[in-house]
**Q** 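Following this message is one structure expressed as structure tokens.
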Amino acid sequence: MTNPSEMMKQGRVEEVWRKYCGFLDLGLDNFMGIQERLLMEQLQLVAGSELGHILMGSDPPQSVEEFRQRVRLTTYEDYAAYLDAQREDVLVEKPVAWAHTSGRSGRFKWVPYSRRTFTKIGEGILTAVILATARERGEVRIAPDDVLVWNVAARPYISGYAALSLAELYQLRYVPPVEEMEKMSFQERIEAGFQGGLRTGIDVIGSISSVLVKVGEQFAEGANGRGVSRSVLHPAVLYRLGRGWLRSRLARRPMLPKDLWQVKGLVVGGTDTAIYRQQLIDYWGVEPFEAYGCTEAAAAMAVQAWSGEGMYFLPDACFLEFVPEEEWSRWRKDPDHIPQTVLLDEVKMGERYEIVITNFHGGPFLRYRLHDLVRFVSLRDDVLGIDLPGMVFAGRDADLIDLAGFSGLIDEKLVWQAIVNAHIPHVDWAIRKELLGLHAGLHLYIEVTNGLGPNEVAQKVHEELQLLNPFYGDLVKFLGVRPLHVTLLRRGTFSHYMNERQAAGADLAHLKPPHMNAPDAVVTNLLRSSEAMTHTDNGG
């Protein structure tokens with residue numbers, strides 16, 4: 001089949017749109033039909049592998065209902081003994097690559113990609129790029145030889161494989177080139193991308209939201225004139241800088257990225273996109289376009305449309321199930337509870353769900369819990385004419401914090417270990433992600449039992465987090481800030497809080513505030529309890 005670059009050169013725009021974005025015209029019934037067909041093909045494939053035999057026996061289920069009844073929900077622990085050792089003999093197909101994700105507390109999770117899987121990664125990214133640059137249905141603005149700056153982690157992360165897969169599929173100019181990008185650190189890759197873009201221009205950017213905000217801040221602070229090497233100061237660069245300077249002066253503000261580049265689209269990831277959306281528009285001049293995917297799915301699982309809210313799942317990325325919030329909440333309280341799932345045609349608007357996936361194309365995961373939460377914001381979009389549910393990413397399962405897409409998951413054990421390693425005597429603590437100034441960061445509320453001040457506690461815990469979680473350290477190096485703020489609670493705060501909860505009739509299991517992701521009401525009550533201890537200390 002002719003590749004999409006050649007199709008675009010031949011003017012076959014409608015065919016390109018239909019192939020990569022036509023799923024938006026399917027309707028829910030046809031979407032579910034594709035899901036069922038691909039699942040049945042996958043089960044027949046997996047049944048012939050050792051790993052598939054272990055998980056579902058040698059006789060594969062013959063229907064979606066039988067599959068959901070017979071095969072239990074799984075987690076990475078069910079696969080770790082095989083995938084950590086990269087055992088190819090237990091898989092359906094020989095992998096062409098192994099990717100890893102951060103997992104919990106900095107532990108890698110290894111995922112094999114077959115040739116078919118590797119190809120599908122690029123197809124999903126191309127879908128995201130087309131939709132990120134489109135302004136209406138059927139429009140394909142991404143042209144062969146357009147310049148792409150890809151500011152994400154290199155192999156063995158999935159984002160690195162995505163760059164390679166997309167490069168095989170579609171003729172784009174990577175800045176820096178893919179072969180050079182692979183040899184650079186994350187920081188070097190970002191700098192090379194934007195310095196090279198002064199010469200080549202930039203049409204599309206793939207990045208984590210916080211990275212683009214940081215670049216915009218550097219421009220706004222007047223840093224845009226520094227760090228431009230002499231090797232790129234030729235007429236094209238001078239013209240671009242001069243034009244950008246004129247635009248910023250006419251607007252009576254510092255030069256911003258949108259003065260230098262008129263990008264067609266921003267494809268962004270990370271859980272902070274909603275926080276940074278307006279800043280991204282202000283700095284870059286275009287609406288950020290969200291895409292959702294993960295290493296285990298080996299695909300872009302969901303993408304935004306050309307306008308409107310919410311992301312839409314791709315039917316051929318993986319088989320989708322959803323654990324309703326009440327089910328995973330019940331499971332968290334009782335690990336012996338087996339959560340029930342619903343399918344996409346059963347979700348309800350406004351409700352949150354944990355995603356469960358089954359790989360297509362010979363991947364290893366069956367009914368695999370991602371611990372990702374989504375909230376459905378629509379069941380169809382009448383304005384855009386899309387008869388599919390639209391969702392937004394709502395975060396990780398309650399005991400996980402994703403500070404940024406490449407920083408790794410921060411869990412209770414990691415934070416606790418950092419506090420202990422920092423030798424900070426304390427009564428108790430709670431931590432959550434908050435907007436701290438211009439950046440999302442960790443806010444630690446802690447009751448210490450010595451005379452340490454908040455900055456000293458923050459610095460000590462910060463240093464330990466860098467040692468325990470290298471992904472947290474990557475974020476620190478790039479942003480150039482300490483993404484941790486500490487509020488010291490007065491002595492007796494947690495005791496006062498629990499006494500109030502007990503007086504209000506709370507049961508024993510719910511007297512203490514949660515360590516991770518405490519809701520606003522809990523933090524407000526902790527601060528009020530701390531204030532009460534202040535009055536007590538003052539004789540009030």
Side-chain angles (χ1 to χ4, degrees), residues 275 324-337 350-352 354 371 373 375 394-403 410-420 422-437 440-458 460-462 465 483-540:
I275 296 174
E325 184 167 359
E326 61 269 21
E327 283 290 312
W328 58 258
S329 294
R330 183 178 171 188
W331 167 79
R332 288 179 57 80
K333 297 174 184 178
D334 176 14
D336 293 328
H337 174 66
E351 296 195 4
R352 290 197 304 175
E354 178 191 349
H371 296 288
L373 305 178
R375 179 170 57 86
R396 305 288 185 178
D397 206 345
D399 64 339
L400 302 173
I401 297 176
D402 187 357
L403 190 55
I410 296 172
D411 62 20
E412 183 176 4
K413 179 181 178 181
L414 182 73
V415 178
W416 211 324
Q417 191 66 58
I419 294 172
V420 171
H423 304 291
I424 298 173
H426 64 282
V427 175
D428 214 336
W429 55 272
I431 194 169
R432 65 179 189 169
K433 184 166 71 172
E434 295 180 359
L435 186 61
L436 306 174
L442 298 172
H443 195 155
L444 175 64
Y445 300 85
I446 186 168
E447 179 182 334
V448 300
T449 57
N450 58 12
L452 290 175
N455 285 333
E456 189 173 1
V457 172
K460 287 177 176 291
V461 175
H462 167 75
L465 285 173
L484 175 66
H485 179 77
V486 167
T487 292
L488 293 184
L489 303 173
R490 303 283 296 186
R491 293 288 295 272
T493 293
F494 280 92
S495 177
H496 184 272
Y497 175 93
M498 290 187 289
N499 288 338
E500 282 197 336
R501 293 283 296 152
Q502 188 172 22
D507 60 46
L508 186 62
H510 296 94
L511 293 183
K512 293 180 63 177
H515 278 144
M516 307 296 291
N517 294 321
D520 290 344
V522 169
V523 171
T524 298
N525 287 339
L526 277 174
L527 294 174
R528 190 175 66 242
S529 293
S530 184
E531 183 66 21
M533 294 301 98
T534 302
H535 294 321
T536 300
D537 288 349
N538 292 335

**Q** Mind checking the CZ-CD spacing from Arg375 to Glu325? Nearest 0.5 Å is all I need.
**A**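 Answer rounded to 0.5 Å: 10.5 Å.
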**Q** Quick one: list whatever passes side chain to side chain contact (heavy atoms under 4.5 Å, CB included) with Pro425, sequence neighbours left out.
**A** Thr449, Asn450
**Q** With side chain to side chain contact (heavy atoms under 4.5 Å, CB included) as the test, pick out the partner of His496 among Glu531, Arg501, Met533.
**A** Met533
**Q** Output the distance between atom CG (Leu452) and atom CD1 (Ile424), rounded to the nearest 0.5 Å.
**A**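 It is 6.5 Å, given to the nearest 0.5 Å.
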**Q** Provide the closest heavy-atom pair for Ala430 versus Pro514 in the form atom of the first, atom of the second, distance.
**A**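 Minimum heavy-atom contact is CB-O, 3.6 Å.
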**Q** For the pair Asn499 (side chain) and Ser495 (backbone), establish whether a donor and an acceptor sit closer than 3.5 Å, ignoring hydrogens and angles.
**A**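 Yes; judged by distance alone, with no hydrogens or angles, the pair exists.
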**Q** On a heavy-atom basis, which atom in Ala418 and which in Leu465 lie closest, and how many Å separate them?
**A** CB-CD2, 3.8 Å
**Q** Report yes if some heavy atom in the side chain of Leu489 is under 4.5 Å from a heavy atom in the side chain of Leu527; otherwise report no.
**A** yes
**Q** Applying side chain to side chain contact (heavy atoms under 4.5 Å, CB included) to Ile401 and Leu442, what does each step give before you reach the verdict?
**A** CA-CA 9 Å; Ile401 297 176; Leu442 298 172; 3.8 Å; yes
**Q** For residues Leu488 and Val457, determine if any side-chain heavy atom of one lies less than 4.5 Å from a side-chain heavy atom of the other.
**A**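 Yes; the side chains approach each other to less than 4.5 Å.
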**Q** Just jot down the side-chain hydrogen bond (donor to acceptor under 3.5 Å, both in side chains) partners of His426, sequence neighbours excluded, or say none.
**A**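 Here no residue qualifies.
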**Q** Once side-chain hydrogen bond (donor to acceptor under 3.5 Å, both in side chains) is applied, do any residues pair with Glu447, and if so which ones, sequence neighbours excluded?
**A** none
**Q** Would you please name every residue forming a side-chain hydrogen bond (donor to acceptor under 3.5 Å, both in side chains) with His485, sequence neighbours left out?
**A** none
**Q** Under the salt bridge (charged side-chain N to carboxylate O under 4.0 Å, His left out) rule, collect the residues that match up with Glu456, sequence neighbours excluded.
**A** none
**Q** A side-chain contact here means heavy atoms from C-beta on lying under 4.5 Å apart; do Arg490 and Ser529 qualify?
**A**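 Side-chain contact under 4.5 Å: no.
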**Q** What distance do Met516 atom CE and Leu414 atom CG have between them, rounded to the nearest 0.5 Å?
**A**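 These two atoms lie 8.0 Å from each other.
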**Q** Might you point out which heavy atoms bring Phe494 and Trp429 nearest each other, and give the distance in Å?
**A**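 The pair with the smallest heavy-atom distance is CZ-N, 3.5 Å.
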**Q** Tell me, please, which residues at least two apart from Thr487 pass side-chain hydrogen bond (donor to acceptor under 3.5 Å, both in side chains).
**A** His443
**Q** Sorted by first residue and then second, give each salt bridge (Lys or Arg N to Asp or Glu O under 4.0 Å) pair with at least one member in residues 520-530; sequence neighbours left out.
**A**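 The answer is Arg432-Asp520, Glu500-Arg528.
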**Q** Give me the atom names and distance for the closest heavy-atom approach of Thr493 to Ser530.
**A** OG1-CA, 3.2 Å
